[in-house]
Amino acid sequence: MAEEAAGPDALGVREVQQLVRRKDELEAQIKACYAVLEGQKGVGMNEPLVDAEGYPRADVDVYQVRAARHNIICLQNDHKALMLQVEKALHQLHAREKEKQAKDEAEAQAEAMNQNQSLPQPFARVNAVTPGSPASISKPLSVTVIRGGKKLHLGLTPKHWAGKGLLGCNILPLQR
């Protein structure tokens, strides 16, 4: 479908969601490794593991601290690479959506230009539009209306919202 048409490297919404889940898992692992360091007398990433005489510190598990530090560094590198993938995928998704929207608008304008320039006989009347509804903010679906005696091209996206119906406006059929 649309995701396949975008190219073999293009990622869809599901793939981006999987990447984000993987990011969350990496962040949880990093947090757990930092908890190990905190459990070792608050030893962080940079505190020395030897005493003033150069011997390994007896108050901490040096092996556990070194392993936790190593894991943190590796996980942070993985996190950074994963975030680059997420960023690239999000850019692709938004670019495809913007391209699709521009194509839809261009098609609607071309269709409107090809139609007869005289005003068609109206078949319905919009008597109310609810603020914040899909009808008040829609763009993609091309609809031609006559407002104030002038032909006007609008976009409309039916969708579920908090109010009644899919549009958020009342359409009344006109008597002919």
Side-chain angles (χ1 to χ4, degrees), residues 1-52 54-110 129-143 154-169:
M1 299 111 150
E3 292 174 11
E4 294 170 6
D9 295 331
L11 295 177
V13 174
R14 277 190 227 106
E15 289 84 3
V16 172
Q17 289 172 336
Q18 288 174 346
L19 290 174
V20 171
R21 279 192 293 276
R22 176 69 181 132
K23 173 197 75 81
D24 293 341
E25 291 169 7
L26 283 175
E27 289 171 351
Q29 291 174 2
I30 291 169
K31 186 176 179 180
C33 289
Y34 273 112
V36 168
L37 294 181
E38 281 298 314
Q40 292 291 322
K41 307 253 191 249
V43 173
M45 292 295 289
N46 300 315
E47 285 77 14
L49 298 179
V50 294
D51 60 18
Y55 292 103
R57 287 176 56 180
D59 62 332
V60 297
D61 182 345
V62 174
Y63 176 76
Q64 190 178 29
V65 170
R66 291 190 61 175
R69 286 178 176 179
H70 172 78
N71 287 339
I72 288 170
I73 291 168
C74 290
L75 290 169
Q76 285 175 335
N77 287 339
D78 292 347
H79 185 267
K80 184 177 179 180
L82 186 63
M83 290 308 295
L84 289 174
Q85 282 183 290
V86 169
E87 180 182 9
K88 180 181 176 185
L90 287 174
H91 282 293
Q92 287 177 352
L93 282 175
H94 289 288
R96 282 199 311 258
E97 186 60 34
K98 191 174 183 180
E99 205 174 275
K100 182 184 176 294
Q101 186 176 1
K103 181 182 172 193
D104 290 347
E105 288 178 12
E107 286 176 1
Q109 287 180 352
V129 175
T130 306
S133 69
S136 70
I137 58 174
S138 299
K139 297 255 190 274
L141 184 61
S142 175
V143 178
L154 302 175
L156 188 64
T157 304
K159 67 178 182 178
H160 292 285
W161 66 297
K164 291 183 180 180
L166 298 175
L167 298 176
C169 65

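Scope of the values below: all heavy atoms of this structure, side chains included, with no hydrogens, waters or symmetry mates.
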- Message: Using side-chain heavy atoms (C-beta onward) and a distance below 4.5 Å, is R66 in contact with R69?
- Response: no

- Item | Heavy-atom side-chain contact between Q92 and R96 under 4.5 Å | yes

- Item | Test item: E105 side-chain N/O and A102 main-chain N/O as donor-acceptor pair under 3.5 Å | no

- Less than 4.0 Å between a side-chain N and a carboxylate O, is that true for K31 and E27? no

Roughly how far, to the nearest 0.5 Å, is [atom2] of [Y] from [atom1] of [X]?
{"X": "E99", "Y": "D104", "atom1": "CD", "atom2": "CG", "answer": "11.0 Å"}
{"X": "L26", "Y": "N77", "atom1": "CG", "atom2": "CG", "answer": "11.0 Å"}
{"X": "L49", "Y": "D59", "atom1": "CG", "atom2": "CG", "answer": "10.0 Å"}
{"X": "K100", "Y": "K98", "atom1": "NZ", "atom2": "NZ", "answer": "15.5 Å"}
{"X": "L19", "Y": "R14", "atom1": "CG", "atom2": "CZ", "answer": "14.0 Å"}
{"X": "K88", "Y": "L84", "atom1": "NZ", "atom2": "CG", "answer": "10.0 Å"}

- Note on the structure: Those residues at least two apart in sequence (or on a different chain) that pass side chain to side chain contact (heavy atoms under 4.5 Å, CB included) with Y55 are D51, E53

When the side chains of residues 33-48 are checked against the rest of the protein, which donor-acceptor pairs come out under 3.5 Å, sequence neighbours left out?
| unit_1 | atom_1 | unit_2 | atom_2 | d |
| --- | --- | --- | --- | --- |
| Y34 | OH | Q76 | NE2 | 3.4 |
| Q40 | OE1 | D61 | N | 2.7 |
| Q40 | NE2 | Q64 | OE1 | 2.7 |
| E47 | OE1 | G44 | N | 2.6 |

- Query: In chain order, what residues pass the salt bridge (charged side-chain N to carboxylate O under 4.0 Å, His left out) check against E25, with sequence neighbours excluded?
  - Reply: R22

